[in-house]
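Worksheet: one structure, shown below.
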Amino acid sequence: MDFSKLYRPSALNSFQFIAVTGLIMSGGAHLILHFFAHHSLPGYNWLYVCWAALYVVGSLLNLFGKPNEDHHHHH
């Protein structure tokens, strides 16, 4: 089992990449709201739970899925 599929950017699948990007963007937006707008949105923290769940699902697919499953390139 190749655990580098959990942290190496070139080994991440689409679900993991979207989740990491979502976490970074949500964190940035959270900081902007906190420091510049002095405001927090109710339920905003659930975004982090959703991104983490997507990352876990993507990681399971990446680790235990078929090796060539995600290569559906049509020429």
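These numbers come from a predicted model, not from an experiment.
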Quiz item: Can I18 be reached from L47 by stepping across I, L, V, M, F, W or Y side chains whose heavy atoms are under 4.5 Å apart?
Solution: yes

Exercise. Give a yes or no on whether the backbone of A19 and the side-chain of W51 come within a donor-acceptor separation of less than 3.5 Å.
Key: no

Quiz item: With sequence neighbours left out, what residues match H39 under side-chain contact (heavy atoms from CB on, under 4.5 Å)?
Solution: A37, L41

Quiz item: Are Y55 and M25 connected, step by step, through hydrophobic side chains (Ile, Leu, Val, Met, Phe, Trp, Tyr) whose heavy atoms are closer than 4.5 Å?
Solution: no

Quiz prompt | Non-neighbouring partners of S4 that pass side chain to side chain donor-acceptor pair (under 3.5 Å), sequence neighbours left out | solution = D2, R8

Quiz item: For F64, which residues count as a side-chain contact (heavy atoms from CB on, under 4.5 Å) partner, sequence neighbours excluded?
Solution: M1, L60

Exercise. Calculate, to the nearest 0.5 Å, the distance between atoms SG and CG belonging to C50 and L23 respectively.
Key: 10.5 Å

Exercise. Flag yes if V56 and L12 sit in one hydrophobic cluster, no otherwise; membership is Ile, Leu, Val, Met, Phe, Trp, Tyr, and two members link when side-chain heavy atoms are under 4.5 Å apart.
Key: yes

Practice problem: Check side-chain contact (heavy atoms from CB on, under 4.5 Å) between I24 and all other residues, then give those that pass, not counting sequence neighbours. | Solution: V20

Self-check item: Residue pairs passing the ring-ring contact (aromatic ring centres under 6.0 Å, His included) test where at least one lies in residues 1-31, sequence neighbours excluded
Solution: H30-Y44, H30-Y48

Quiz item: With sequence neighbours excluded, what pairs up with A52 under the side-chain contact (heavy atoms from CB on, under 4.5 Å) test?
Solution: none

Exercise. Rounded to the nearest 0.5 Å, what's the gap from CG on N62 to CG on L6? Could you check?
Key: 7.5 Å

Quiz item: Rest of the hydrophobic cluster containing W46 (Ile/Leu/Val/Met/Phe/Trp/Tyr, side-chain heavy atoms under 4.5 Å)?
Solution: V49

Exercise. Return the set of residues passing side chain to side chain donor-acceptor pair (under 3.5 Å) with T21 (not counting sequence neighbours), or none when no residue passes.
Key: none

Quiz item: Nearest 0.5 Å, what's the OG-CD distance between S59 and Q16?
Solution: 4.0 Å

